[in-house]
Amino acid sequence: MTFSLRPTYADARTAELVDRLRDYLDGELAEHEREHGITPATRLTRADLEPVWRRSRELGFYGIHLPEEYGGQNLGYSQLAALKEEVGASGRALAHSVLGDMGGPLRAGDILRHATAHQLETYLLPLIRGERACCFSLTETDAGSDVRSMRTVAVRDGDGYRLTGHKVFSSAGPFADFAIVVARMAGTGEHEGEKPEFSAFLVDLDSPGCRVEDGATPMSGEHIESDIVLEDCHVPAANLLGEEGNGMRIALGRVTTNRLLHCPTVLGATRRALQLTLDRTRTRQVSGKPLLMLQAIQHKVADMATDFYAARSMTYAALAALDEGREVPAEAFMCKLFVAESSFRILDEAVQIHGKEGLTQGNEIEYLFRKIRMFRILTGTSEIQRNGIAKLLAFQH
């Protein structure tokens with residue numbers, strides 16, 4: 001893999017998809033955002049998003065990773081990663097809705113293989129078509145990295161279940177129709193040494209006893225989170241995903257793959273920050289010379305580019321191994337750790353080089369700094385990744 005801020009691909013199919021995606025992101029989608037005044041801080045509505053879902057579906061991008069039977073193109077992991085990187089590099093506020101990250105097919109994850117015919121017809125196929133949206137509700141105030149400490153409880157009740165609890169950081173909650181909720185089965189895990197059992201449910205967000213509240217605004221400033229409050233909310237038995245007690249396995253299914261596939265989007269955003277920084281150093285004049293003529297600045301951008309190249313190379317190497325059917329748990333931990341930490345270093349230098357402009361709200365570098373900082377915590381903190389690496393190393397011979 002060679003270094004480039006606008007990658008090209010030897011695989012003809014990937015190259016064609018990337019070119020078409022760039023055209024859409026820089027053309028129609030950019031125009032849509034300009035016409036509607038949409039920025040990362042906009043409080044998004046379904047009216048903002050549904051046109052993007054529909055158009056992305058028409059172009060073949062929405063759910064493109066899915067098997068052909070679901071209208072996708074059965075992409076390999078490296079191919080999907082190339083598209084996710086372009087989404088991150090585009091600078092578009094609505095880019096998260098093009099492939100289905102925000103409430104769409106990518107958010108549903110591996111749920112399809114656990115769904116019944118009823119669940120597919122009622123919930124998941126409409127989601128794939130861009131007609132419905134979902135959020136994933138696992139995290140609670142005191143159950144983040146330690147998800148097994150959750151207090152949301154499911155009680156069996158005749159022909160269904162009653163759920164009570166309070167979920168936080170449900171991304172896409174403000175415009176979702178239903179939530180994938182994981183709850184502890186009542187009567188399990190209540191005694192010392194007893195393991196709790198968890199189940200996953202499809203919960204309609206307009207159900208009696210279910211309330212969607214404004215969630216905390218993350219440091220990125222995006223209004224995409226909700227709290228899902230459940231108060232004796234009845235869920236039909238037909239909405240149980242998989243079997244009772246299998247909810248955590250469903251929720252955390254393909255965790256290695258998902259951990260890896262978060263990295264390309266962050267790499268894309270980092271790539272954009274690096275490009276913006278290079279542009280700045282070429283045009284900003286200091287004592288009559290471009291900023292890039294200063295050796296101190298040259299060394300900074302050299303280190304930034306090297307960090308980016310290393311992070312991107314290791315990520316795509318791990319994805320290529322995954323495409324070959326190999327297991328890469330250690331590599332996934334390593335990629336998540338290194339991409340998060342190196343991207344943050346790059347953005348920190350980008351702010352430094354931009355000076356006052358990099359500290360100003362409304363400047364894209366300032367926004368990207370806040371956005372990238374979150375990745376050191378989201379989807380597993382850097383400390384969790386280090387724990388995982390060390391544990392796997394301990395068992396290697």
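- By the 4.5 Å heavy-atom criterion applied to side chains, P290 and Q285 are counted as neighbours.
- Between S199 and E243, the shortest heavy-atom contact is OG-O, 4.5 Å.
- At most 12 heavy atoms of other shown residues, nucleotides or ligands fall within 6.0 angstrom of atom CD in Q352.
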Intermediate values then yes/no, side-chain contact (heavy atoms from CB on, under 4.5 Å), M150 and V182
CA-CA 9 Å; M150 72 171 61; V182 178; 3.9 Å; yes
As a quick check of understanding, evaluate side-chain hydrogen bond (donor to acceptor under 3.5 Å, both in side chains) for T306 and D303, giving each step before the final call.
CA-CA 5 Å; T306 302; D303 287 342; 5.3 Å; no
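- Under 3.5 Å, the side chains of T360 and N363 contain no donor-acceptor pair of N or O atoms.
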Could you walk me through whether K195 and T188 pass the side-chain contact (heavy atoms from CB on, under 4.5 Å) test, one step at a time?
CA-CA 7 Å; K195 288 185 177 181; T188 69; over 6 Å; no
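- A pairwise comparison of heavy atoms in E85 and P7 identifies OE2-CG, 3.8 Å as the closest pair.
- Minimum interatomic distance between D214 and R43 (heavy atoms only, all atoms of both residues): OD2-NH1, 3.9 Å.
- In summary, R132 and D204 engage in a salt bridge, as defined by a charged side-chain N under 4.0 Å from a carboxylate O.
- L294 and M304 end up in the same hydrophobic cluster when Ile, Leu, Val, Met, Phe, Trp and Tyr side chains are linked at under 4.5 Å.
- Side-chain contact of E341 with S382: a donor-acceptor pair under 3.5 Å is present, judged by distance alone.
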After noting the C-alpha distance and the side-chain angles of Y62 and L99, does the key distance pass the side-chain contact (heavy atoms from CB on, under 4.5 Å) rule?
CA-CA 4 Å; Y62 201 71; L99 301 177; over 6 Å; no
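- In this structure, a donor-acceptor pair under 3.5 Å is present between the side chains of S78 and D323.
- Taking a 6.0 Å sphere around CZ of R6, one finds it holds 12 or fewer heavy atoms contributed by other residues, nucleotides or ligands.
- Residues H234 and D157 have side chains that never bring a donor and an acceptor to within less than 3.5 angstrom of each other.
- At a threshold of 4.5 Å between side-chain heavy atoms, the hydrophobic network of Ile, Leu, Val, Met, Phe, Trp and Tyr places L276 and F3 in one connected group.
- In this structure, the separation between CD1 on I297 and CZ on R284 is 10.0 Å, given to the nearest 0.5 Å.
- With a 4.5 Å cut-off on side-chain heavy atoms, Y70 and L120 count as touching.
- The CG atom of L83 sits 7.0 Å away from atom CZ of F61, with the distance rounded to the nearest 0.5 Å.
- Both tests pass for R312 against the ring of Y316: distance under 6.0 Å to the centre and angle within 45° of the axis.
- Screening E366, E364, E222 for a salt bridge (charged side-chain N to carboxylate O under 4.0 Å, His left out) involving K371 leaves a single residue, E222.
- Counting all heavy atoms, side chain and backbone alike, S97 lies closest to S56 at O-OG, 4.3 Å.
- Rounding to the nearest 0.5 Å places OG1 of T256 at 7.5 Å from CG of L260.
- At a threshold of 4.5 Å between non-hydrogen side-chain atoms, the residues L17 and R20 count as touching.
- Criterion: ILVMFWY side-chain heavy atoms under 4.5 Å apart, direct or through other members. Under it, I250 and L66 are part of a common hydrophobic cluster.
- Looking at H223 and T217, their side chains come closer than 4.5 Å, going by heavy atoms from C-beta outward.
- Cluster annotation: L124 and L240 are assigned to distinct hydrophobic clusters (Ile/Leu/Val/Met/Phe/Trp/Tyr, side-chain heavy-atom contacts under 4.5 Å, transitive).
- The backbone N or O of T39 sits less than 3.5 Å from a side-chain atom of T42, completing a donor-acceptor pair.
- The number of heavy-atom neighbours closer than 6.0 Å to CE of M293, taken from other residues, nucleotides and ligands shown, is 12 or below.
- Residues L393 and I389 meet the side-chain proximity criterion, which asks for heavy atoms closer than 4.5 Å.
- Of the candidates Y161, F178, F136, F201 forms a ring pair (Phe, Tyr, Trp, His ring centres under 6.0 Å) with just one, namely Y161.
- Atom CD of residue E33 and atom OG of residue S90 lie 7.5 Å apart, to the nearest 0.5 angstrom.
- A donor-acceptor contact shorter than 3.5 Å is absent between the side chain of R162 and the backbone of C233.
- Side-chain contact of E140 with T152: a donor-acceptor pair under 3.5 Å is present, judged by distance alone.
- Of all the heavy atoms in L261 and L319, the pair that sits closest is CD2-CD2, 4.0 Å.
- The local environment of CD in Q361 is sparse, with at most 12 non-hydrogen atoms from other residues, nucleotides or ligands closer than 6.0 Å.
- The side-chain tip of R46 does not point at the ring of F175 from less than 6.0 angstrom away and within 45° of straight on.
- Side-chain contact between H262 and K84: absent, with no pair of heavy atoms (C-beta onward) separated by less than 4.5 Å.
- Cation-pi geometry between K336 and F375 is met: under 6.0 angstrom from the ring centre, within 45 degrees of the axis.
- We find the CG-NE2 distance between L44 and H36 to be 12.0 Å, quoted to the nearest 0.5 Å.
- At least one donor-acceptor pair closer than 3.5 Å links the side chain of Q119 to the backbone N or O of T116.
- Other residues, nucleotides and ligands contribute over 12 non-hydrogen atoms within 6.0 Å of the CD atom of Q298.
- Residues I372 and L278 share a hydrophobic cluster, clusters being chains of Ile/Leu/Val/Met/Phe/Trp/Tyr side chains in contact below 4.5 Å.
- E327 CD: 12 or fewer foreign heavy atoms inside a 6.0 Å radius.
- A salt bridge between E244 and R156 is present, with a side-chain N of the basic residue lying under 4.0 Å from a carboxylate O of the acidic one.
- Of the N and O atoms on the side chains of Q275 and D279, at least one donor lies less than 3.5 Å from an acceptor on the other residue.
- Look at K167 and D227 and you find no salt bridge, because none of the NZ, NE, NH1 or NH2 atoms lies under 4.0 Å from a carboxylate O.
- Taking the six-membered ring for Trp and thresholds of 30 and 60 degrees, F344 and F369 have ring planes inclined between 30 and 60 degrees apart.
- For the atom pair Q385 CD and C335 SG, the distance stands at 10.5 Å (nearest 0.5 Å).
- No donor-acceptor contact under 3.5 angstrom links the side chains of S226 and S170, judged on distance only.
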Please assess E16 against R13 for the test salt bridge (charged side-chain N to carboxylate O under 4.0 Å, His left out), listing each intermediate value before the final yes or no.
CA-CA 5 Å; E16 187 267 336; R13 186 184 184 201; over 6 Å; no
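- Two residues are said to be in side-chain contact when any heavy atoms from C-beta on lie closer than 4.5 Å; L106 and L80 meet this criterion.
- Taking the side chain as every heavy atom from C-beta outward, V229 and C210 never approach each other to under 4.5 Å.
- Taking each heavy atom of A311 and S342 in turn, the nearest pair found is CB-OG, 3.6 Å.
- Judged purely by atom type and a 3.5 angstrom limit, R271 uses its side chain to pair as donor or acceptor with the backbone of L5.
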Steps toward side-chain contact (heavy atoms from CB on, under 4.5 Å) verdict (L138, F198):
CA-CA 11 Å; L138 176 67; F198 300 92; over 6 Å; no
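- A salt bridge links R113 to D110: at least one charged side-chain nitrogen sits closer than 4.0 Å to a carboxylate oxygen.
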